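Both counts, for ligands and for their atoms, begin at 1 and track the order of listing. What you are looking at is a predicted structure, and each value in this text was computed from that prediction instead of being measured. Numbers for residues simply follow the sequence, beginning at 1.
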Amino acid sequence: MGAVRVPASDLVDVLVAGAGAAGLSLAARLARQTSLRVTVIDPRDGPSDDRTFCFFRGRAHPFEAAIARRYATVEVRDARRVVRASLDTRPYEELPGLAFAELALAQIGASDRVRVRWGVSLRTFVERADRVEVDASDGTHVARILVDARGGRTLTHTAETADEVRWLQHFVGHVVRTERPIFEPSVATLMDFDVSQEDGPHFVYVLPTGPHEALVEDTYFSSARFSRAHYEANLQAWLSTRGARAHEVLRREQGAIPMTTAPQARAASGRVVVIGQRGGAAKASSGYAFQFIQRQCDALTAWLREHGAGRAVAYLPPRSRVATFFDRVMLSYLHDHPTQAPQVFVPLFASVPGDALARFLSEEGTALDHARVMAAVPMAGVLSQALRTTHLWTRSR
Ligand SMILES: Cc1cc2nc3c(=O)[nH]c(=O)nc-3n(C[C@H](O)[C@H](O)[C@H](O)COP(=O)(O)OP(=O)(O)OC[C@H]3O[C@@H](n4cnc5c(N)ncnc54)[C@H](O)[C@@H]3O)c2cc1C
């Protein structure tokens with residue numbers, strides 16, 4: 001694109017590409033906390049009911065009013081035992097994707113400076129010294145800052161090495177209604193490892209909403225997805241072993257979230273800021289992203305409040321070096337011992353108090369929480385992995 005001349009009235013401060021979890025989380029904050037002019041674009045024709053966000057309660061965020069359910073008990077299990085953890089201060093919270101989007105859009109709608117344009121997609125962009133020119137499906141947009149929240153895979157930069165772990169957390173989930181009451185509504189099953197471990201870490205995730213109803217997800221950590229039929233056959237088998245001979249599928253969801261040791265991309269200049277899953281928000285060792293997206297959006301909003309959109313944005317790393325260390329060591333350990341996931345996670349939940357584990361997994365852990373987790377994992381194996389993978393976790397994030 002040649003340089004585009006635009007009247008000042010057409011220049012926005014921030015153009016957000018993507019109205020998913022990250023784009024809407026940021027736009028809602030910018031609407032309430034800044035006076036910046038913001039446009040959000042997204043090729044869809046509106047928000048969709050295609051995912052459920054769950055996370056341990058952590059720092060406050062603007063979407064708490066849409067939380068549908070809180071579990072004070074979570075469990076992990078394998079063929080031999082069931083381990084339950086009580087969450088007194090950090091319940092496991094469920095935020096339906098559509099309710100989140102509707103609340104975010106209501107918050108955005110209260111501002112006349114922030115608008116969302118559905119049915120518009122970003123095609124390419126050119127960074128200039130003081131702005132970014134974006135070629136979109138409805139024409140050219142010019143913004144001081146482009147926020148790339150298009151989801152999809154994590155971008156990586158050149159420090160990547162050949163022995164990088166490049167896994168996905170891939171899953172198919174069904175919201176089912178069973179004829180017989182087989183679910184315990186107050187307990188979320190984070191990982192049921194009582195399924196084949198032949199293809200790497202594999203578990204069923206169960207989020208009950210009643211004795212007859214739950215979201216049930218067949219989940220793997222590995223490098224490639226299977227056909228939909230593969231996960232669905234696993235779900236069918238899991239349900240029938242639990243006594244649900246007849247069931248109805250009310251809703252389906254699926255996903256493939258990056259789990260990688262590769263360092264996070266930094267855009268060429270601070271005029272383009274990458275957030276959300278594409279910007280490294282997904283936690284490498286678990287695939288959870290929602291609460292880390294909230295943190296990224298808090299940090300970017302705080303930057304823009306303080307500095308405005310006139311200056312290039314400083315690099316805002318998605319997580320601390322300590323969290324990056326634990327993620328890279330844990331992920332490379334699982335990668336090298338792919339059938340050992342139950343031996344890592346079940347003892348972890350058995351010996352670390354629930355709230356401490358929730359803090360650790362939310363990257364809000366204390367030094368004592370970290371020490372408890374270290375004491376609960378297969379120490380010799382994890383230490384040797386830490387030494388073997390020094391080159392993965394000592395470099396730049
Ligand atoms: C089914 C599912 C369940 C999940 N459950 C959890 C969970 O329980 N807990 C958790 O922490 N994380 C969960 N995640 C992971 C993560 O939180 C979500 O993937 C989250 O939606 C990522 O946010 P995002 O904004 O980066 O991407 P998305 O929410 O996917 O949004 C990306 C947006 O960009 C738009 N877009 C694409 N191309 C363009 C373009 N060219 N121009 C403009 N816009 C574009 C898309 O239409 C989309 O709206 C889940 C993911 C999935 C898929």
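Between Gln107 and Ala31, the shortest heavy-atom contact is O-CB, 4.0 Å.
Under the 4.5 angstrom side-chain criterion for Ile, Leu, Val, Met, Phe, Trp and Tyr, the cluster partners of Phe171 are Ile257.
For Glu364, the salt bridge (charged side-chain N to carboxylate O under 4.0 Å, His left out) partners two or more places apart in sequence, or in a different chain, are Arg90, Arg295. For Arg180, the side chain to side chain contact (heavy atoms under 4.5 Å, CB included) partners at least two apart in sequence or on another chain are Ile182, Arg245.
Taking the six-membered ring wherever Trp is involved, the centroid distance between the rings of Phe203 and Phe345 does not fall below 6.0 Å.
Cation-pi geometry between Arg319 and Phe292 is satisfied (NZ or CZ under 6.0 Å from the ring centre, within 45° of the ring normal).
Protein residues with a heavy atom closer than 4.0 Å to ligand 1 are Ala17, Gly18, Ala19, Gly20, Ala21, Ala22, Ile41, Asp42, Pro43, Arg44, Asp50, Arg51, Thr52, Phe53, Cys54, Ser121, Leu122, Ala149, Arg150, Gly151, Phe171, Glu253, Gln254, Gly255, Ile257, Gly276, Gln277, Tyr288, Ala289, Phe290, Ile293, listed by chain and number.
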